[in-house]
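For reference, the structure is listed below as structure tokens.
Throughout, residue positions are numbered sequentially from 1 according to the sequence presented.
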Amino acid sequence: MPRGGPDAPWWDRLYETDRPEYIDQPARTVETGKVLRGLDRFQLMTRAYRVCSRLTLAETAGAERPRILELGAGRGRMTQRLLADHPTARVTVSDVNAASVEVLRAGPLGSDPRVDLRVVDATDIDAPDNTWDVAVFCMALHHLTPDLVQKLMAEGTRVARRLLIVDGWRNPGFLAITPLFVLTGGLTQAHDGVISLRKCYSARAVEAMAARCATPVSVRCRFSLPGYLVASLAAAP
Ligand SMILES: C[S@@+](CC[C@H](N)C(=O)[O-])C[C@H]1O[C@@H](n2cnc3c(N)ncnc32)[C@H](O)[C@@H]1O
């Protein structure tokens with residue numbers, strides 16, 4: 001499945017890359033730390049955490065005490081925003097990277113009574129069905145190959161009533177933000193940022209992967225400012 005979808009034009013297939021990001025290489029711990037710190041500054045500057053928190057709470061359908069699972073949380077800033085935005089929300093904050101979860105445990109989330117911290121692979125979640133109201137995966141979908149995206153879709157809609165995916169909108173025009181990556185995290189951040197943009201899935205690709213998912217799921221994709229793909233999924237009835 002091309003990242004631009006099954007009918008991606010030739011120029012989109014050329015734009016795509018299979019080069020790995022530093023944060024996908026377990027041995028590159030120094031670069032991974034730099035990228036996550038740079039990404040955090042980038043997300044703060046572009047108000048991404050606020051947008052993702054608002055989109056996540058919109059999926060809770062007004063639950064009084066929403067149970068939320070954040071997958072691929074990185075530095076955990078989105079969960080901090082969620083807790084501030086919703087005073088009775090309870091959040092399980094997780095990442096596949098055990099070192100990232102240890103950093104979270106040592107920070108303010110580690111002692112918050114509304115927070116549970118776990119190492120979780122978003123494509124293989126060790127939890128019973130319908131444990132959470134919403135599972136959310138922000139700025140991380142492009143790290144998964146298409147077969148793993150389908151596993152994420154099946155697992156996310158099994159353990160939560162809704163799965164929300166937020167990632168960059170696929171368009172080569174967004175390469176224009178490269179100087180901002182350099183500003184927030186130097187060349188290391190620019191390396192991963194540019195690869196991320198070239199690996200982002202289009203809405204057509206997400207819809208096609210959902211249609212091929214082993215467990216039937218429904219999906220609704222849309223564009224959100226300033227440049228996000230927002231996909232909301234649920235197990236099909
Ligand atoms: C680009 S960072 C995004 C971090 C954070 N969500 C944000 O918006 O700033 C991608 C994160 O996804 C995590 N990740 C990658 N593959 C994953 C998987 N299979 N399950 C859970 N997390 C994963 C990485 O460890 C990393 O922390």
Side-chain angles (χ1 to χ4, degrees), residues 1-5 7-9 11-19 21-24 35-59 70-75 77-82 85 122 134-144 146 149 152-153 156 162-210 219-233:
M1 165 75 63
R3 300 274 168 148
D7 49 5
W11 53 264
D12 189 287
R13 291 169 198 243
L14 274 182
Y15 172 63
E16 183 171 336
T17 180
D18 54 9
R19 202 179 163 128
E21 291 180 51
Y22 291 132
I23 66 171
D24 289 326
V35 170
L36 288 177
R37 285 191 296 278
L39 177 65
D40 186 41
R41 287 191 284 272
F42 179 87
Q43 304 277 65
L44 284 169
M45 200 178 276
T46 56
R47 301 169 76 85
Y49 298 126
R50 283 169 188 265
V51 174
C52 290
S53 170
R54 180 175 51 74
L55 291 167
T56 304
L57 292 174
E59 296 286 330
E70 185 183 7
L71 298 158
R75 295 179 68 87
R77 194 86 76 168
M78 208 282 281
T79 284
Q80 289 180 8
R81 187 74 237 170
L82 271 174
D85 288 347
V134 182
V136 57
F137 197 48
C138 293
M139 315 304 165
L141 188 72
H142 60 273
H143 290 283
L144 306 183
V149 171
L152 159 77
M153 290 174 168
R162 295 209 77 87
L163 168 65
L164 178 72
I165 297 170
V166 184
D167 206 356
W169 185 261
R170 184 174 184 78
N171 187 312
F174 283 113
L175 287 176
I177 62 174
T178 303
L180 194 52
F181 291 141
V182 178
L183 189 70
T184 54
L187 292 179
T188 314
Q189 163 76 356
H191 172 273
D192 275 21
V194 168
I195 293 174
S196 298
L197 291 173
R198 295 174 63 186
K199 283 189 162 175
C200 281
Y201 288 100
S202 69
R204 276 285 298 122
V206 170
E207 286 160 1
M209 290 185 286
V219 63
R220 206 178 59 235
C221 291
R222 66 185 196 280
F223 172 83
S224 177
L225 285 169
Y228 302 125
L229 167 72
V230 180
S232 172
L233 297 99

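- Looking only at side-chain heavy atoms (C-beta outward), L144 and F137 come within less than 4.5 Å of each other.
- Nearest approach of R13 to P2, heavy atoms of both residues: NH1-CG, 3.6 Å.
- For residues 40-49, every residue pair satisfying the salt bridge (Lys or Arg N to Asp or Glu O under 4.0 Å) rule, not counting sequence neighbours, is listed here: D40-R75, D40-R77.
- Side-chain contact between I177 and L197 is present, with at least one heavy-atom pair separated by less than 4.5 Å.
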Show the atom names and distances, to 0.1 Å, of all donor-acceptor pairs under 3.5 Å that link a side chain in residues 183-190 to residues at least two apart or in another chain.
from, atom 1, to, atom 2, distance (Å)
T184, OG1, L180, O, 3.0
T184, OG1, F181, O, 3.3

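- Interatomic distance, H191 NE2 to I23 CD1, rounded to the nearest 0.5 Å: 11.5 Å.
- With a 4.5 Å cut-off on side-chain heavy atoms, M139 and C52 count as touching.
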Step-by-step side chain to side chain contact (heavy atoms under 4.5 Å, CB included) determination, F223 to N171: CA-CA 12 Å; F223 172 83; N171 187 312; over 6 Å; no
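- Paired with Y49 under the rule side-chain contact (heavy atoms from CB on, under 4.5 Å), one option of T79, D85, L44 passes, and it is L44.
- Applying the side-chain contact (heavy atoms from CB on, under 4.5 Å) criterion to A205, with sequence neighbours excluded, gives M1, Y201, S202, M209.
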Atom pairs and distances, side-chain donor-acceptor, residues 162-170, under 3.5 Å, sequence neighbours left out:
from, atom 1, to, atom 2, distance (Å)
R162, NE, E59, OE1, 3.0
R162, NE, S232, OG, 3.0
R162, NH2, S232, OG, 3.1
D167, OD1, H142, ND1, 3.1
D167, OD2, L141, N, 3.4
D167, OD2, H142, N, 3.0
D167, OD2, H142, ND1, 2.9
R170, NE, D12, OD1, 3.0
R170, NE, D12, OD2, 3.1
R170, NH1, R198, O, 3.0
R170, NH1, C200, O, 2.7
R170, NH2, D12, O, 3.4
R170, NH2, D12, OD1, 3.0

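- Residues E70 and L82 form no side-chain contact, since every pair of their non-hydrogen atoms from C-beta on lies 4.5 Å or further apart.
- For R3, the salt bridge (Lys or Arg N to Asp or Glu O under 4.0 Å) criterion is met by no residue, not counting sequence neighbours.
- Taking 4.5 Å as the limit, every side-chain heavy atom of M153 sits out of range of all side-chain heavy atoms of V219.
- Checked against ring pair (Phe, Tyr, Trp, His ring centres under 6.0 Å), Y228 has no partners two or more places apart in sequence or in another chain.
- Within the structure, salt bridge (Lys or Arg N to Asp or Glu O under 4.0 Å) pairs that include any residue of residues 177-196 do not occur (at least two apart or interchain).
- For D24, the salt bridge (Lys or Arg N to Asp or Glu O under 4.0 Å) test picks out no residue, with sequence neighbours left out.
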